> 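The structure's right below; bear with me while I get my questions together.
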Amino acid sequence: MSHAGDWFTLRWDGDAVALLDQRRLPREEVYLRLRSVAEVAEAIERLAVRGAPAIGCTAALGAALAAATSPAVDAAGVQRDVVRALARLAATRPTAVNLFWALGRMRAGLDAAAAAPAATADSIRAALVTLACRIVEEDVAACRAIGRAGLAVIPPAARILTHCNAGALATAGYGTALGVVRAAFAAGRVASVLADETRPFLQGARLTAWELARDGIPVTVIADAMAGHLMKQGEVDVVVVGADRIAANGDVANKIGTYPLAVLAREHGLPFYVAAPLSTVDLATPDGEAIPIEERGRAELARIGETELLPDGVPVRHPAFDVTPHRLVAGIITERGIARAPYAESLPRQLEAARLEARAQAG
């Protein structure tokens, strides 16, 4: 298992994509069985699944589902159906680069399968299901490696502050920032975890707290505005967060509210680390200014459950992410170790090492 307990975030389920519906947590554990690409895309858009690695894995499974459910009887027909599915899935959310990374791998796998001698509809279906499941397995392995690498920056009896949810729910399993927490807890280094509630969708309060409590890791939820006070009181040793996209210079896009935490950490002399797989690194995006920031609708900010918080007619601004400048980041923890500044040098080195290793393993 990728965490304690018997729950899972996502998986291939024979003829469907199975997801834990994160909108229903923590009160209900409801699993969705998505049988069409339209249902997979809607699940991503409506936040039934969220977190950059989990979005990427779900999109990969969605592409496999398009192949598996294509009514075409020939290879060309299946290929056309999958290409349409890839376009629909790419339009779901703009910020998390893992989505486009996973879809790129699935497109490359589709092209290779279609170009194979004597390619058939069934051979393409089998190849894409196998590839999507491999992407899911690789994500869990990467998260475990991130956890091991992150042990180097977690002091004994650490009081760790995190934001949003970068755990098993945000990945195929184990987690990025919470992968570091899990590894540190297993090593006896965690005294406590402070989880920002993460307005407006409350991923910290609903999801991070649920995950860590299920795994027996001591967690306390705080309102986002409390972090600076608790840092000043000496109740935080290190900040570890996830990421949705990391630019070539090391600027980091993550859930809105991350940037203020980095500023507060710098003011109080605390290390601020980002934990993410290399699939989150986007060397084609030079810096944070070039990262597209998704703006979501009014309802998530103006309402909690069925309760309307704002006067009628009052507009909102709802950027879903912010960008933390690389100068505020002490290190980026990936499956290849800890990248340090200058990130424009360390991140490409890690990506190249990963590419060479993958090539060697492929024979």
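Computed from a predicted structure; not experimentally measured.
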> Give a yes-or-no answer on whether the side chains of N165 and R206 include a donor-acceptor pair shorter than 3.5 Å.
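Result is no, nothing qualifies.
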
> May I ask you to decide whether R298 forms a salt bridge with E308, counting only side-chain N to carboxylate O separations under 4.0 Å?
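Looking at R298 and E308, the cut-off is met.
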
> Side chains of V281 and Q350: closer than 4.5 Å at any heavy-atom pair?
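When only atoms from C-beta onward are counted, Q350 and V281 do not touch, as no gap falls below 4.5 Å.
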
> Decide, yes or no, whether a salt bridge links R88 with E45 under the criterion of side-chain N to carboxylate O below 4.0 Å.
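E45 and R88: salt-bridged.
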
> Would you check if V329 and F272 make a side-chain contact, meaning some heavy-atom pair closer than 4.5 Å?
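Yes, at least one pair of side-chain atoms sits under 4.5 Å.
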
> Going by distance alone, is a donor N or O of one side chain under 3.5 Å from an acceptor N or O of the other, for Q22 and R50?
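Yes, R50 and Q22 have a side-chain donor paired with an acceptor closer than 3.5 Å.
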
> Do E138 and R105 make a side-chain contact, defined as non-hydrogen atoms from C-beta onward lying under 4.5 Å apart?
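They are in contact (side-chain heavy atoms under 4.5 Å apart), so the answer is yes.
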
> Side-chain polar contacts of residues 263-270 - donor-acceptor pairs under 3.5 angstrom, sequence neighbours left out - could you list them?
residue	atom	partner	partner atom	Å
R266	NH2	R327	O	2.3
H268	ND1	L264	O	2.8

> Pairs in or reaching into residues 63-75: which pass side-chain hydrogen bond (donor to acceptor under 3.5 Å, both in side chains), with residues at least two apart or in two chains?
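Counting only pairs at least two positions apart or across chains, the side-chain hydrogen bond (donor to acceptor under 3.5 Å, both in side chains) contacts touching residues 63-75 are S70-D81.
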
> Quick one: are W12 and V17 in side-chain contact, heavy atoms under 4.5 Å?
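W12 reaches V17 side chain to side chain.
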
> When you check the gap from the basic side-chain N to the acidic O, do E352 and R355 get nearer than 4.0 Å?
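Judged by the 4.0 Å cut-off on N to carboxylate O distance, E352 and R355 do form a salt bridge.
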
> For the CD atom on E28, are there more than 12 heavy atoms of other groups (residues, nucleotides or ligands in this structure) within a distance under 6.0 Å?
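More than 12 within 6.0 Å, yes.
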
> Apply the test salt bridge (charged side-chain N to carboxylate O under 4.0 Å, His left out) to residues E294 and R296: give CA-CA distance (whole Å), side-chain angles for both, the deciding distance (0.1 Å), then the verdict.
CA-CA 6 Å; E294 177 184 3; R296 293 187 64 81; 2.9 Å; yes

> Is the shortest side-chain heavy-atom distance between I146 and P277 below 4.5 Å?
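They are in side-chain contact.
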
> Is it the case that more than 12 heavy atoms not belonging to R46 sit under 6.0 Å from its CZ atom?
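12 or below, so no.
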
> Apply the test salt bridge (charged side-chain N to carboxylate O under 4.0 Å, His left out) to residues E137 and R134: give CA-CA distance (whole Å), side-chain angles for both, the deciding distance (0.1 Å), then the verdict.
CA-CA 5 Å; E137 293 167 359; R134 184 185 311 140; over 6 Å; no

> Just so I know, are the side chains of L169 and W210 near enough to count as touching, which here means a heavy-atom distance under 4.5 Å?
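L169 reaches W210 side chain to side chain.
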
